[in-house]
Amino acid sequence: MIVRFGFVAMSVLLENASPSRTMTYTNFVKLADREAGLRRLERIAEENLHNTLRLLKHCKYSDIQVYRITSKLIPLATHAEMQDWDPYAPLAASFAEVGAFVRDNGMRVSFHPDHFTVFSTPREEVLRSSHRDLNHHVRMFEMMGLDERATCNIHVGGTYGNKGEAGRRFVRQFGALEPRIRRRMTLENDDKTFTAAETLALAEETGVPMVLDIHHHAVNNPDGERAEALWDRIRDTWGRFGWNGLKPDRPPEELLPPKIHVSTPKSATDPRGHADYVDPGSVLEFLRPIAASTPAIDVMIEAKRKDEALLKLMEDMKAAEAAGLPVRVLDGARVEVSGSVV
DNA sequence: ACCTGTCAAGTCTGG
DNA sequence: CCAGACTTGACAGGT
(Lines give C-alpha, C1' and ligand atoms only; values in the text may rest on other atoms or scores of the structure.)
Protein backbone atom coordinates (compact mmCIF):
# COMPACT_ATOMS: atom_id res chain seq x y z
CA MET A 1 0.00 0.00 0.00
CA ILE A 2 1.36 3.39 -1.04
CA VAL A 3 0.69 6.05 1.59
CA ARG A 4 0.95 9.76 0.85
CA PHE A 5 0.97 12.20 3.75
CA GLY A 6 -0.38 15.72 3.59
CA PHE A 7 -1.07 18.66 5.86
CA VAL A 8 -3.56 21.45 6.35
CA ALA A 9 -3.68 25.08 5.26
CA MET A 10 -0.61 26.72 6.78
CA SER A 11 3.07 26.12 7.40
CA VAL A 12 4.88 26.66 10.67
CA LEU A 13 8.19 26.46 8.79
CA LEU A 14 7.68 29.06 6.07
CA GLU A 15 7.85 32.63 7.37
CA ASN A 16 5.28 35.26 6.45
CA ALA A 17 3.31 32.89 4.28
CA SER A 18 -0.20 33.09 5.69
CA PRO A 19 -2.78 32.03 3.08
CA SER A 20 -5.63 33.32 5.22
CA ARG A 21 -5.10 36.99 5.92
CA THR A 22 -8.47 38.59 6.43
CA MET A 23 -10.49 41.67 7.20
CA THR A 24 -13.53 41.45 9.42
CA TYR A 25 -16.89 42.79 8.34
CA THR A 26 -16.92 45.15 11.32
CA ASN A 27 -13.77 46.79 10.03
CA PHE A 28 -14.90 46.73 6.42
CA VAL A 29 -18.05 48.75 7.14
CA LYS A 30 -15.98 51.27 9.12
CA LEU A 31 -14.21 52.24 5.90
CA ALA A 32 -15.44 55.47 4.35
CA ASP A 33 -14.93 54.36 0.75
CA ARG A 34 -16.63 51.04 -0.01
CA GLU A 35 -15.01 50.67 -3.45
CA ALA A 36 -11.56 51.19 -1.97
CA GLY A 37 -12.47 48.61 0.67
CA LEU A 38 -13.39 46.07 -1.99
CA ARG A 39 -10.07 46.66 -3.78
CA ARG A 40 -8.34 46.05 -0.46
CA LEU A 41 -10.21 42.77 0.05
CA GLU A 42 -9.21 41.71 -3.46
CA ARG A 43 -5.63 42.64 -2.71
CA ILE A 44 -5.67 40.50 0.47
CA ALA A 45 -7.15 37.58 -1.48
CA GLU A 46 -4.46 37.92 -4.12
CA GLU A 47 -1.79 37.79 -1.42
CA ASN A 48 -3.49 34.73 0.08
CA LEU A 49 -3.42 33.01 -3.32
CA HIS A 50 0.20 33.98 -3.80
CA ASN A 51 1.07 32.46 -0.42
CA THR A 52 -0.94 29.36 -1.30
CA LEU A 53 1.30 28.99 -4.34
CA ARG A 54 4.37 29.44 -2.14
CA LEU A 55 3.02 26.73 0.16
CA LEU A 56 2.49 24.40 -2.80
CA LYS A 57 6.09 24.96 -3.90
CA HIS A 58 7.18 24.25 -0.34
CA CYS A 59 5.17 21.00 -0.51
CA LYS A 60 6.84 20.03 -3.76
CA TYR A 61 10.26 20.61 -2.23
CA SER A 62 9.38 18.07 0.51
CA ASP A 63 7.66 15.58 -1.85
CA ILE A 64 4.29 16.42 -0.24
CA GLN A 65 1.51 15.77 -2.75
CA VAL A 66 -1.53 16.15 -0.50
CA TYR A 67 -2.56 19.55 0.79
CA ARG A 68 -5.72 21.18 2.10
CA ILE A 69 -6.20 24.73 0.88
CA THR A 70 -7.55 27.16 3.45
CA SER A 71 -11.20 28.16 3.10
CA LYS A 72 -10.27 31.72 4.03
CA LEU A 73 -8.68 32.68 0.71
CA ILE A 74 -11.15 35.47 -0.04
CA PRO A 75 -12.20 37.45 3.04
CA LEU A 76 -15.98 38.01 3.33
CA ALA A 77 -16.60 36.23 0.01
CA THR A 78 -19.85 34.64 1.17
CA HIS A 79 -20.98 37.30 3.60
CA ALA A 80 -24.68 38.05 3.17
CA GLU A 81 -24.05 41.80 2.84
CA MET A 82 -21.39 41.36 0.15
CA GLN A 83 -23.41 39.62 -2.52
CA ASP A 84 -23.14 42.49 -5.00
CA TRP A 85 -19.35 42.02 -5.02
CA ASP A 86 -17.75 39.71 -7.56
CA PRO A 87 -14.29 38.87 -6.25
CA TYR A 88 -13.74 36.06 -8.75
CA ALA A 89 -13.11 37.92 -12.00
CA PRO A 90 -10.23 40.05 -10.68
CA LEU A 91 -8.62 36.95 -9.17
CA ALA A 92 -8.97 34.71 -12.22
CA ALA A 93 -5.27 34.79 -13.14
CA SER A 94 -4.16 34.01 -9.58
CA PHE A 95 -6.57 31.08 -9.29
CA ALA A 96 -5.45 29.73 -12.67
CA GLU A 97 -1.82 29.94 -11.62
CA VAL A 98 -2.45 27.96 -8.42
CA GLY A 99 -4.47 25.35 -10.33
CA ALA A 100 -1.80 24.96 -12.99
CA PHE A 101 0.83 24.26 -10.37
CA VAL A 102 -1.38 21.64 -8.72
CA ARG A 103 -2.01 19.91 -12.05
CA ASP A 104 1.56 20.12 -13.31
CA ASN A 105 2.83 18.46 -10.16
CA GLY A 106 0.14 15.82 -9.79
CA MET A 107 -0.95 17.13 -6.40
CA ARG A 108 -4.18 16.46 -4.56
CA VAL A 109 -5.85 19.48 -3.00
CA SER A 110 -9.06 19.84 -1.05
CA PHE A 111 -11.12 22.35 0.91
CA HIS A 112 -12.76 21.86 4.28
CA PRO A 113 -15.62 24.39 4.52
CA ASP A 114 -16.20 25.54 8.09
CA HIS A 115 -18.79 24.07 10.43
CA PHE A 116 -21.29 26.71 9.33
CA THR A 117 -22.00 24.53 6.32
CA VAL A 118 -24.56 22.06 7.58
CA PHE A 119 -27.07 20.13 5.52
CA SER A 120 -28.86 18.46 8.39
CA THR A 121 -30.22 21.83 9.50
CA PRO A 122 -33.97 22.40 9.81
CA ARG A 123 -33.48 26.12 9.17
CA GLU A 124 -34.07 27.42 5.66
CA GLU A 125 -31.68 30.34 6.17
CA VAL A 126 -28.84 28.07 7.31
CA LEU A 127 -29.43 25.77 4.36
CA ARG A 128 -29.21 28.70 1.96
CA SER A 129 -25.92 29.98 3.36
CA SER A 130 -24.57 26.42 3.34
CA HIS A 131 -25.39 26.21 -0.33
CA ARG A 132 -23.78 29.58 -0.96
CA ASP A 133 -20.66 28.45 0.88
CA LEU A 134 -20.29 25.24 -1.11
CA ASN A 135 -20.93 27.07 -4.35
CA HIS A 136 -18.12 29.44 -3.39
CA HIS A 137 -15.68 26.58 -2.75
CA VAL A 138 -16.58 24.73 -5.94
CA ARG A 139 -16.30 27.91 -7.92
CA MET A 140 -12.74 28.40 -6.64
CA PHE A 141 -11.83 24.87 -7.80
CA GLU A 142 -13.38 25.61 -11.17
CA MET A 143 -11.36 28.82 -11.42
CA MET A 144 -8.28 26.73 -10.71
CA GLY A 145 -9.26 24.49 -13.59
CA LEU A 146 -9.19 21.39 -11.39
CA ASP A 147 -11.37 18.37 -12.09
CA GLU A 148 -13.68 16.55 -9.66
CA ARG A 149 -10.79 15.02 -7.80
CA ALA A 150 -10.44 18.38 -6.07
CA THR A 151 -13.03 17.90 -3.34
CA CYS A 152 -14.70 19.68 -0.44
CA ASN A 153 -15.00 17.81 2.82
CA ILE A 154 -17.90 18.45 5.20
CA HIS A 155 -19.56 16.86 8.21
CA VAL A 156 -23.16 15.68 8.36
CA GLY A 157 -23.98 18.35 10.94
CA GLY A 158 -26.08 18.70 14.09
CA THR A 159 -28.63 16.18 15.34
CA TYR A 160 -31.20 18.56 16.90
CA GLY A 161 -32.24 15.94 19.39
CA ASN A 162 -33.26 13.44 16.70
CA LYS A 163 -30.39 11.89 14.82
CA GLY A 164 -32.51 9.76 12.52
CA GLU A 165 -34.58 12.72 11.43
CA ALA A 166 -31.46 14.89 11.02
CA GLY A 167 -29.84 12.20 8.89
CA ARG A 168 -32.87 11.96 6.61
CA ARG A 169 -32.92 15.74 6.29
CA PHE A 170 -29.25 15.62 5.34
CA VAL A 171 -29.92 13.08 2.60
CA ARG A 172 -32.80 15.10 1.24
CA GLN A 173 -31.15 18.53 1.34
CA PHE A 174 -27.74 17.35 0.24
CA GLY A 175 -29.31 15.30 -2.55
CA ALA A 176 -31.00 18.42 -3.87
CA LEU A 177 -27.65 20.08 -4.61
CA GLU A 178 -26.75 20.46 -8.24
CA PRO A 179 -24.45 17.64 -9.48
CA ARG A 180 -21.65 20.09 -10.15
CA ILE A 181 -21.42 20.65 -6.39
CA ARG A 182 -22.54 17.26 -5.12
CA ARG A 183 -19.92 15.41 -7.13
CA ARG A 184 -17.11 17.33 -5.44
CA MET A 185 -18.10 16.51 -1.90
CA THR A 186 -16.72 14.12 0.69
CA LEU A 187 -18.25 13.30 4.06
CA GLU A 188 -16.35 12.98 7.33
CA ASN A 189 -17.33 11.32 10.61
CA ASP A 190 -17.74 13.77 13.47
CA ASP A 191 -16.18 13.84 16.94
CA LYS A 192 -19.50 14.62 18.64
CA THR A 193 -22.50 13.83 16.49
CA PHE A 194 -22.54 11.40 13.55
CA THR A 195 -20.21 8.43 14.16
CA ALA A 196 -18.14 6.64 11.52
CA ALA A 197 -20.78 3.93 11.04
CA GLU A 198 -23.60 6.48 10.79
CA THR A 199 -21.64 8.71 8.43
CA LEU A 200 -20.76 5.71 6.28
CA ALA A 201 -24.41 4.76 5.92
CA LEU A 202 -25.25 8.31 4.81
CA ALA A 203 -22.24 8.43 2.47
CA GLU A 204 -23.40 5.22 0.82
CA GLU A 205 -26.95 6.48 0.55
CA THR A 206 -25.91 9.78 -1.05
CA GLY A 207 -23.12 8.30 -3.16
CA VAL A 208 -20.46 10.47 -1.54
CA PRO A 209 -16.94 9.27 -0.71
CA MET A 210 -16.26 9.10 3.01
CA VAL A 211 -13.20 10.52 4.74
CA LEU A 212 -12.53 8.50 7.87
CA ASP A 213 -11.09 10.51 10.74
CA ILE A 214 -9.55 7.94 13.04
CA HIS A 215 -9.17 10.40 15.91
CA HIS A 216 -12.85 11.38 15.72
CA HIS A 217 -13.70 7.70 15.60
CA ALA A 218 -11.67 7.11 18.77
CA VAL A 219 -13.61 9.78 20.69
CA ASN A 220 -17.05 9.16 19.17
CA ASN A 221 -17.64 5.46 19.00
CA PRO A 222 -20.28 4.43 21.53
CA ASP A 223 -20.69 0.97 20.03
CA GLY A 224 -16.98 0.18 20.22
CA GLU A 225 -16.88 -0.50 16.48
CA ARG A 226 -13.45 -1.29 15.05
CA ALA A 227 -12.56 1.10 12.24
CA GLU A 228 -10.92 -1.72 10.27
CA ALA A 229 -14.26 -3.53 10.28
CA LEU A 230 -15.83 -0.62 8.40
CA TRP A 231 -12.87 -0.05 6.13
CA ASP A 232 -13.79 -2.11 3.07
CA ARG A 233 -17.11 -0.28 2.81
CA ILE A 234 -15.44 3.10 3.37
CA ARG A 235 -12.86 2.31 0.70
CA ASP A 236 -15.59 1.37 -1.74
CA THR A 237 -17.33 4.74 -1.35
CA TRP A 238 -14.35 5.95 -3.44
CA GLY A 239 -15.30 3.62 -6.30
CA ARG A 240 -16.32 6.53 -8.52
CA PHE A 241 -12.70 7.75 -8.39
CA GLY A 242 -11.27 4.51 -9.69
CA TRP A 243 -11.10 2.27 -6.65
CA ASN A 244 -13.41 -0.66 -6.70
CA GLY A 245 -12.02 -3.20 -4.34
CA LEU A 246 -8.42 -3.99 -5.23
CA LYS A 247 -8.47 -3.16 -8.91
CA PRO A 248 -8.02 0.39 -10.15
CA ASP A 249 -10.07 0.88 -13.32
CA ARG A 250 -8.06 3.72 -14.86
CA PRO A 251 -4.46 4.88 -15.25
CA PRO A 252 -2.62 5.94 -12.08
CA GLU A 253 -2.54 9.62 -13.03
CA GLU A 254 -6.36 9.68 -13.01
CA LEU A 255 -6.93 7.84 -9.76
CA LEU A 256 -7.93 9.36 -6.46
CA PRO A 257 -7.12 7.16 -3.46
CA PRO A 258 -9.34 7.08 -0.36
CA LYS A 259 -8.37 9.67 2.24
CA ILE A 260 -8.24 9.53 6.01
CA HIS A 261 -7.52 12.11 8.68
CA VAL A 262 -5.16 11.39 11.53
CA SER A 263 -4.37 13.35 14.66
CA THR A 264 -3.37 12.59 18.20
CA PRO A 265 -5.38 13.57 21.30
CA LYS A 266 -3.99 16.71 22.93
CA SER A 267 -4.23 15.31 26.46
CA ALA A 268 -6.32 13.14 28.78
CA THR A 269 -8.25 16.22 29.90
CA ASP A 270 -8.76 17.39 26.30
CA PRO A 271 -8.98 14.18 24.28
CA ARG A 272 -10.71 15.85 21.35
CA GLY A 273 -8.08 18.56 20.89
CA HIS A 274 -5.22 18.15 18.45
CA ALA A 275 -1.72 17.49 19.80
CA ASP A 276 1.35 19.25 18.38
CA TYR A 277 2.50 16.10 16.61
CA VAL A 278 1.11 12.77 15.48
CA ASP A 279 1.79 9.49 17.23
CA PRO A 280 3.33 7.21 14.56
CA GLY A 281 2.23 4.07 16.41
CA SER A 282 -1.47 4.82 16.06
CA VAL A 283 -1.04 5.59 12.36
CA LEU A 284 0.71 2.29 11.64
CA GLU A 285 -1.72 0.46 13.86
CA PHE A 286 -4.54 1.56 11.58
CA LEU A 287 -2.70 1.19 8.26
CA ARG A 288 -1.20 -2.26 8.71
CA PRO A 289 -4.44 -4.27 8.86
CA ILE A 290 -5.88 -2.54 5.77
CA ALA A 291 -2.66 -2.51 3.73
CA ALA A 292 -3.41 -5.77 1.93
CA SER A 293 -6.86 -4.64 0.84
CA THR A 294 -6.01 -1.05 -0.10
CA PRO A 295 -3.51 -0.31 -2.90
CA ALA A 296 -3.16 3.37 -2.03
CA ILE A 297 -4.32 5.81 0.61
CA ASP A 298 -3.81 9.50 1.39
CA VAL A 299 -3.36 10.52 5.00
CA MET A 300 -4.10 14.07 6.08
CA ILE A 301 -2.20 15.07 9.19
CA GLU A 302 -4.14 17.38 11.47
CA ALA A 303 -1.62 18.53 14.04
CA LYS A 304 -0.92 21.84 15.65
CA ARG A 305 2.59 21.87 14.22
CA LYS A 306 1.22 21.39 10.66
CA ASP A 307 3.99 20.62 8.14
CA GLU A 308 6.58 20.24 10.88
CA ALA A 309 4.46 17.40 12.32
CA LEU A 310 4.40 15.75 8.91
CA LEU A 311 8.18 15.91 8.58
CA LYS A 312 8.60 14.57 12.11
CA LEU A 313 6.24 11.70 11.33
CA MET A 314 8.41 10.84 8.32
CA GLU A 315 11.45 10.71 10.63
CA ASP A 316 9.48 8.34 12.85
CA MET A 317 8.67 6.23 9.79
CA LYS A 318 12.38 5.96 8.98
CA ALA A 319 12.99 4.78 12.53
CA ALA A 320 10.14 2.26 12.24
CA GLU A 321 11.66 0.93 9.02
CA ALA A 322 15.07 0.65 10.68
CA ALA A 323 13.44 -1.23 13.56
CA GLY A 324 12.12 -3.84 11.16
CA LEU A 325 8.45 -2.83 10.94
CA PRO A 326 6.79 -3.43 7.54
CA VAL A 327 7.27 0.16 6.40
CA ARG A 328 9.44 1.45 3.59
CA VAL A 329 10.09 5.16 3.23
CA LEU A 330 9.80 6.09 -0.46
CA ASP A 331 10.58 9.80 -0.34
CA GLY A 332 10.00 12.88 1.82
CA ALA A 333 6.27 12.32 2.30
CA ARG A 334 5.42 8.81 1.10
CA VAL A 335 5.80 5.35 2.57
CA GLU A 336 4.90 1.86 1.50
CA VAL A 337 3.21 -0.27 4.14
CA SER A 338 3.18 -4.02 3.61
CA GLY A 339 -0.02 -5.87 4.25
CA SER A 340 0.15 -8.35 7.05
CA VAL A 341 -1.92 -11.32 5.94
CA VAL A 342 -4.48 -11.89 8.63
C1' DA B 1 7.65 43.79 20.39
C1' DC B 2 4.02 41.72 22.90
C1' DC B 3 -0.62 40.99 24.98
C1' DT B 4 -5.80 40.79 25.01
C1' DG B 5 -10.34 40.81 23.39
C1' DT B 6 -12.88 40.20 19.12
C1' DC B 7 -14.34 38.22 14.81
C1' DA B 8 -19.85 36.73 9.85
C1' DA B 9 -21.51 32.50 9.98
C1' DG B 10 -23.94 27.10 13.82
C1' DT B 11 -25.10 23.95 17.40
C1' DC B 12 -25.11 22.17 22.02
C1' DT B 13 -25.38 22.60 26.98
C1' DG B 14 -26.61 24.42 31.17
C1' DG B 15 -28.96 27.72 33.81
C1' DC C 1 -35.15 31.42 26.19
C1' DC C 2 -30.58 33.08 26.42
C1' DA C 3 -25.55 33.24 27.50
C1' DG C 4 -21.44 30.81 27.06
C1' DA C 5 -18.61 26.99 25.24
C1' DC C 6 -16.65 25.02 21.41
C1' DT C 7 -12.20 26.08 18.21
C1' DT C 8 -8.74 28.83 15.97
C1' DG C 9 -5.83 32.02 13.12
C1' DA C 10 -5.57 36.58 12.56
C1' DC C 11 -6.69 41.44 13.42
C1' DA C 12 -7.20 45.78 16.11
C1' DG C 13 -6.12 48.29 19.71
C1' DG C 14 -3.66 48.78 23.60
C1' DT C 15 0.76 48.96 26.41
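Numbered from 1 within each chain, the chains take letters A, B, ... in sequence-line order.
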* Going 5' to 3' through nucleotides 10-15 of chain C, assign each nucleotide B (protein heavy atom under 4.0 Å from a base atom), S (under 4.0 Å only from sugar-phosphate atoms) or - (no protein heavy atom that close). => SSSS--
* Ignoring backbone atoms, establish whether Tyr160(A) has a side-chain N or O less than 4.0 Å from OP1 or OP2 of dC12(B). =>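 For dC12(B), OP1/OP2 do not have a side-chain N/O of Tyr160(A) under 4.0 Å.
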* Given dA9(B), is OP1 or OP2 found less than 4.0 Å from the side-chain N or O atoms of Arg132(A)? ->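 Answer no for this pair, as no side-chain N or O of Arg132(A) is under 4.0 Å from OP1 or OP2.
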We want to know whether [X] and [Y] form a side-chain donor-acceptor pair, criterion being a heavy-atom distance below 3.5 angstrom.
{"X": "Arg132(A)", "Y": "Asn135(A)", "value": "no"}
{"X": "Glu302(A)", "Y": "His215(A)", "value": "no"}
{"X": "Thr151(A)", "Y": "Lys259(A)", "value": "no"}

Could you measure between the two [atom1] atoms, the one in [N] and the one in [M], and give it in whole Å?
{"N": "dC6(C)", "M": "dC3(B)", "atom1": "C1'", "result": "23 Å"}
{"N": "dC2(B)", "M": "dT8(C)", "atom1": "P", "result": "24 Å"}
{"N": "dA10(C)", "M": "dT11(B)", "atom1": "P", "result": "26 Å"}

* **side chain to side chain donor-acceptor pair (under 3.5 Å), paired with His155(A), selected from Thr117(A), Asp190(A), Thr199(A), Asp213(A)** =>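 For His155(A), the side chain to side chain donor-acceptor pair (under 3.5 Å) test succeeds with only one of Thr117(A), Asp190(A), Thr199(A), Asp213(A), which is Asp190(A).
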* To do: Under 3.5 Å for both distances, Watson-Crick or G-U wobble, that's the pair rule; now give the dot-bracket for DNA chain B, with | marking pairs to another strand and [ ] for crossing ones.
  => |||||||..||||||
* Considering non-hydrogen atoms only, spot the tightest contact between Leu325(A) and Leu284(A) and give its length. =>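 Of all heavy-atom pairs spanning Leu325(A) and Leu284(A), the closest is CD1-CD1, 4.3 Å.
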* So which pairs with a foot in residues 87-108 of chain A pass salt bridge (Lys or Arg N to Asp or Glu O under 4.0 Å), sequence neighbours left out? ->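 Only Arg108(A)-Asp298(A) qualify under salt bridge (Lys or Arg N to Asp or Glu O under 4.0 Å).
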* To do: Remember a base hit wins even if backbone is also touched, and classify Thr121(A) as base, sugar-phosphate or nothing at under 4.0 Å, heavy atoms.
  =>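 Sugar-phosphate only.
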